[in-house]
Amino acid sequence: MANLQVKDLVKSYDGKNKVLKDISFTVENGELVSILGPSGCGKTTTLRIIAGLISATEGQILVDQKDISKVPVYKRNFGMVFQSYALFPHMTVFNNVAFGLKMKKISKKDIKQKVDEILEITGLSQLASRYPKELSGGQQQRVSLARALVVHPQLLFMDEPLSNLDAKLRIKMRGEIRDLQKKLNMTVLFVTHDQKECFAISDKVLIMKDGRIEQYDTPENIFHHPSSEYVARFIGYENFINVDHILDDHTVESKDLLFITDESTNQAKTLTIRPENIQINSSDNSSQNLIDGIITSSEYLGQSFKYRVKTSLGNFIVEESRKAMRSSEDKVQLYLPSKHLHPLSR
Ligand SMILES: Nc1ncnc2c1ncn2[C@@H]1O[C@H](COP(=O)(O)OP(=O)(O)O)[C@@H](O)[C@H]1O
Ligand SMILES: [Mg+2]
């Protein structure tokens, strides 16, 4: 395990177009940090530069305060797990996992001990003599994880390792990865485009947009205090209110309606609220943060209903847990509690 510092990373593949623009962040010892962002925003490029698989156009990578830019890849003790498992089809599970150690000229006895230990930890002991084609997708991904872990890497990099698994297995495997990471106290950088996945397992989340860092914080802080409309949309905020005037530090006006927020409205351009935090026909006796509307469509989500509500400020998406569905054309009043209404400055 180690501490990782990324400083002022810039990358251009063609000498003109910058796909990474000034990426800087730190991952502390024993932390699991996820890089989250849509396809093409530069996640894989960032990870590959840090792992040493491609070079940066500008910038520095420090591991435990030492610049590793000039250290050849084979001398860096890093582990990598990819989306494709990249197992050797003609080798057993044991030999796939042992491969990296054999390259290091370690004695046969030590190899067997180290491989057995990792197979035990990753729950693969019973499958040691099988070939990859005799394994399920989840088991194959576990082998590729075991192969990365067997060298006791200083840093572990994972690039969308769960994307080829079905939804249920993905949830199980992400829990296993988190447990292992904590048990072995590893520093891990994990790339994903799945918001739920990375919020579930990360100490911190780095959200990228077009080659830049949009926000880097704990999942809780990002969830409750998104730094921009881009981040808010990415993590499930669906309602945005344009701010026309800032009246005081906690009050804004939008089309003659007043909204109070718990957070400071200093510099607010928009307000945002999640669908599940809006109340329909609330019994709270609030005289503020109310908007009249009419339901224009509804959707059954199993545990709840989702409504589109037309108002003078545009359409709102509201999710409500309730036994019976409200009908379309119903006149409703929306209540936006001040503690759930977040001001955004960009
Ligand atoms: N080898 C390459 N040569 C040229 N452009 C590339 C190469 N790899 C990635 N890119 C471009 O760099 C940008 C970032 O790609 P990538 O890091 O793979 O994004 P992500 O992993 O977030 O989907 C994209 O516009 C992509 O087309
Ligand atoms: Mg990628």
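All ligand and atom numbering here is 1-based and tracks the order in the structure.
The presence of a protein heavy atom under 4.0 Å from atom 26 (C) of ligand 1 is ruled out. Distance check for atom 21 (O) of ligand 1: a protein heavy atom is found below 4.0 Å.
What you find for M208 and I23 is that their closest heavy atoms are CE-CD1, 3.8 Å. What you find for R130 and L135 is that their closest heavy atoms are CB-CD2, 4.1 Å.
Ionic pairing of R346 and E214 is present here: one or more N-O contacts between side-chain nitrogen and carboxylate oxygen are shorter than 4.0 angstrom. Between D210 and K18 there is no salt bridge, since no side-chain N of the basic residue sits under 4.0 Å from a carboxylate O of the acidic one. Between D179 and K183, no side-chain nitrogen of the basic residue sits less than 4.0 Å from a carboxylate oxygen of the acidic one, so the salt-bridge criterion is not met.
Each of the following atoms of ligand 1 lies closer than 4.0 Å to a heavy atom of P38: 22 (O). The contact set between ligand 1 and S39, taken as ligand atoms under 4.0 Å from a residue heavy atom, comprises 23 (O).
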(Q) With side-chain contact (heavy atoms from CB on, under 4.5 Å) as the criterion, how do V97 and L119 come out once you've worked through the C-alpha distance, each side chain's angles and the decisive distance to 0.1 Å? (A) CA-CA 8 Å; V97 175; L119 291 179; 4.0 Å; yes

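Using a 4.0 Å heavy-atom cutoff, G37 is absent from the residues neighbouring ligand 1. Within the structure, the closest approach of G211 to ligand 1 does not fall below 4.0 Å when heavy atoms are considered.
Under 4.0 Å from ligand 1, heavy atoms of T44 appear from its side chain as well as its backbone.
One finds the CZ atom of F316 at 12.5 Å from the OG1 atom of T296 (value rounded to the nearest 0.5 Å). Between atom OG1 of residue T26 and atom NZ of residue K204 there is a gap of 7.5 Å, rounded to the nearest 0.5 Å.
Of all protein heavy atoms, the one lying nearest to atom 10 (N) of ligand 1 is Y13 CE1, 3.4 Å. Atom 19 (O) of ligand 1 has its closest protein heavy atom at G42 N, 3.2 Å. With hydrogens left out, the protein atom closest to atom 17 (O) of ligand 1 is T45 OG1, 2.5 Å, a heavy atom. The nearest protein atom to atom 23 (O) of ligand 1, hydrogens excluded, is given as G40 N, 2.7 Å; this is a heavy-atom distance.
For T45, every N, O or S atom stays at 2.8 Å or more from the Mg ion (ligand 2).
Considering backbone and side-chain N/O of V19, none are found under 3.5 Å from N/O of ligand 1.
Looking at S254 and N242, their side chains never bring a donor and an acceptor atom within 3.5 Å of each other.
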